[in-house]
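The block underneath contains the structure these notes are about, expressed in structure tokens.
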Amino acid sequence: MEKREKLYEGKAKIIYATDEPDKVIAHYKDAATAFDAVKKATIKGKGVLNNTIASFFFQMLNERGIPTHFIKKLSDREMLIYRVEIIPVEVVVRNIAAGSIVKRLGIPKNTKFEPPLVEFYLKNDELHDPIICEQHIYAMNLAKPEEVAQMKELALKVNEILKEFMEKQGVILVDFKLEFGRKDGKILLADEISPDTCRFWDAKTGESLDKDRFRFDLGDLIEGYKKILEKIEKNQ
Ligand code: 5GP
């Protein structure tokens, strides 16, 4: 398999073509951004940690029957994935109130959501990823009802798998964001699952072990991400 031209560069990853039309390479960068890239930094080693953590989670989900774009980890910073057409809807699952829902709706931080909440956001940086409802998805023709039903079902299954697994590592899965893509008429879990896209709290201390460290200056980002990696690596 040969690495070819750059296809797309996002805030945290670069996508390269390969000599196989249905496979691409995701390269994880050291860039950290928050608040629509108003806050930016280069954090040495972040890309390696996220590629390693995301590869672990995707592999685990593949093994548990969740269809994902992940094929294999290629190197420290790169994974081989299926080329998909990304659906421009971010799916957020929340087990505990934190972040934007606390600000937007005034729900007290730490409120437990049983069953978990599933929310949709429009993936559009210029509009600051606004929250949307299912009807907006259909009105804007972003996805079909069967696709939305699948995304919801998959998001809740991912939540069950990750929440249970992280609980065993002494980590609370507070919330996370997923993106999905289409390949050959099927929906695959795409993008990344890492401390950049999940809120992880240490069950004993309540310490944030995720991107909130960068967003709100809660401590060294690498230290938090390394703690997540160390905990999950014990299970390899
Ligand atoms: P909130 O809506 O509270 O800001 O985010 C909820 C969860 O989804 C958090 O775990 C957060 O990291 C993740 N999330 C939501 N939107 C984005 C996004 O645009 N980029 C990243 N990396 N994570 C997001």
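As the structure is a computational prediction, the values presented were derived from the model and not from experiment.
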*Pairs meeting criterion salt bridge (charged side-chain N to carboxylate O under 4.0 Å, His left out) with involvement of residues 98-119, two or more places apart*: R94-E119

*Are F70 and V48 in one and the same hydrophobic cluster, where Ile, Leu, Val, Met, Phe, Trp and Tyr link if side-chain heavy atoms are under 4.5 Å apart?*
no

*asked:* Does any part of the side chain of V148, heavy atoms only, come nearer than 4.5 Å to the side chain of V89, both counted from C-beta?
replied: no

*Is the backbone N or O of N124 less than 3.5 Å from a side-chain atom of D129, with the two atoms forming a donor-acceptor pair by type?*
yes

*In terms of side-chain geometry, is the basic nitrogen of K11 or D125 positioned less than 4.0 Å from the acidic oxygen of its partner?*
yes

*By the rule that ILVMFWY residues connect when side-chain heavy atoms come within less than 4.5 angstrom, directly or transitively, which residues belong alongside W201?*
I96, I172, V174

*Identify the two heavy atoms, one from G99 and one from R199, that lie closest to each other, and give their separation to 0.1 Å.*
CA-NH2, 3.4 Å

*Of the non-hydrogen atoms in R77 and G45, which two are nearest, and what is the gap between them?*
NH2-N, 4.4 Å

*Under a single-linkage rule joining Ile, Leu, Val, Met, Phe, Trp and Tyr whose side-chain heavy atoms are separated by less than 4.5 Å, which residues share a cluster with L80?*
M1, I14, Y16, I25, I71, L74, Y82, V84, I86, L188

*Please confirm whether K39 makes a cation-pi placement over F214, using NZ or CZ under 6.0 Å from the six-membered ring centre and within 45° of the ring normal.*
yes

*So, N95 side chain and P116 main chain: donor-acceptor pair closer than 3.5 Å or not?*
no

*Do you know which of M140, H128, E90 makes side-chain contact (heavy atoms from CB on, under 4.5 Å) with L122?*
M140

*Verify, without hydrogens or angle tests, whether R215 (side chain) and F35 (backbone) share a donor-acceptor contact under 3.5 angstrom.*
no

_Y225 side chain reached by L209 side chain, heavy atoms, under 4.5 Å_ = no

*Considering only heavy atoms from C-beta outward, does the side chain of I87 approach that of I187 to under 4.5 Å?*
yes

*asked:* Would you say that C198 contacts D210 through its side chain, given a criterion of any heavy-atom pair below 4.5 Å between the two side chains?
replied: no

*Could you check if a side-chain atom of F113 sits within less than 4.5 angstrom of a side-chain atom of I101, using non-hydrogen atoms only?*
yes

Donor-acceptor pairs are to be reported for all side-chain atoms of residues 161-170 against protein atoms at under 3.5 Å, with residues two or more places apart or in another chain.
residue : atom : partner : partner atom : Å
E164    : OE2  : K168    : NZ           : 3.4
Q169    : OE1  : N235    : ND2          : 2.7
Q169    : NE2  : F165    : O            : 2.9

*Would a hydrophobic clustering, with Ile, Leu, Val, Met, Phe, Trp and Tyr connected at side-chain separations under 4.5 Å, put I222 with I232?*
yes

*Report yes or no: do E146 and Q150 form a side-chain donor-acceptor pair below 3.5 Å?*
no

_My understanding is that only one of K73, H27, K72 makes a side-chain hydrogen bond (donor to acceptor under 3.5 Å, both in side chains) with E78; could you say which?_
H27

*Going only through I, L, V, M, F, W and Y residues with side-chain contacts under 4.5 Å, is there a path from I107 to F120?*
no

*Would you say L221 and P195 make side-chain contact, with heavy atoms under 4.5 Å?*
no

_Looking at K29, I want to see if its NZ is surrounded by more than 12 non-hydrogen atoms of other residues, nucleotides or ligands under 6.0 Å._
yes

_Minimum heavy-atom distance between P108 and A97, given as atom pair plus value_ = O-CB, 3.5 Å

*For the residue pair V24 and Y8, establish whether any side-chain heavy-atom pair is separated by less than 4.5 Å.*
no

_Residue pair K13 / D191, side-chain heavy-atom distance below 4.5 Å_ = yes

*Each residue besides I131 in its hydrophobic cluster should be listed here, by chain and number; the cluster joins Ile, Leu, Val, Met, Phe, Trp and Tyr at side-chain heavy-atom distances under 4.5 Å.*
V92, Y121

_Joint cluster assignment, F176 & L218, ILVMFWY side-chain distance < 4.5 Å_ = no

*Between I228 and I53, does a side chain to side chain contact (heavy atoms under 4.5 Å, CB included) hold up when you go through it step by step?*
CA-CA 8 Å; I228 293 293; I53 295 168; 4.1 Å; yes

*For the residue pair L49 and K226, what are the closest heavy atoms and their distance?*
CD2-CG, 4.0 Å

*asked:* Less than 3.5 Å apart, any donor N or O on the side chain of N62 or T68 sitting next to an acceptor on the other?
replied: yes

*Could you tell me whether K144 atom NZ has more than 12 heavy atoms of other residues or ligands within 6.0 Å of it?*
no

*Can you name the one residue among D220, D196, D76 that meets salt bridge (charged side-chain N to carboxylate O under 4.0 Å, His left out) with K46?*
D196

*Do L156 and F58 share a hydrophobic cluster (ILVMFWY, side-chain heavy atoms under 4.5 Å, transitive)?*
yes

_Between R83 and E20, is the salt bridge (Lys or Arg N to Asp or Glu O under 4.0 Å) condition met? List the steps._
CA-CA 10 Å; R83 188 195 284 249; E20 294 181 49; over 6 Å; no

_More than 12 heavy atoms of other groups within 6.0 Å of R4 CZ_ = yes

_Under the rule for side chain to side chain donor-acceptor pair (under 3.5 Å), what residues qualify as partners of R182, not counting sequence neighbours?_
E85, E147

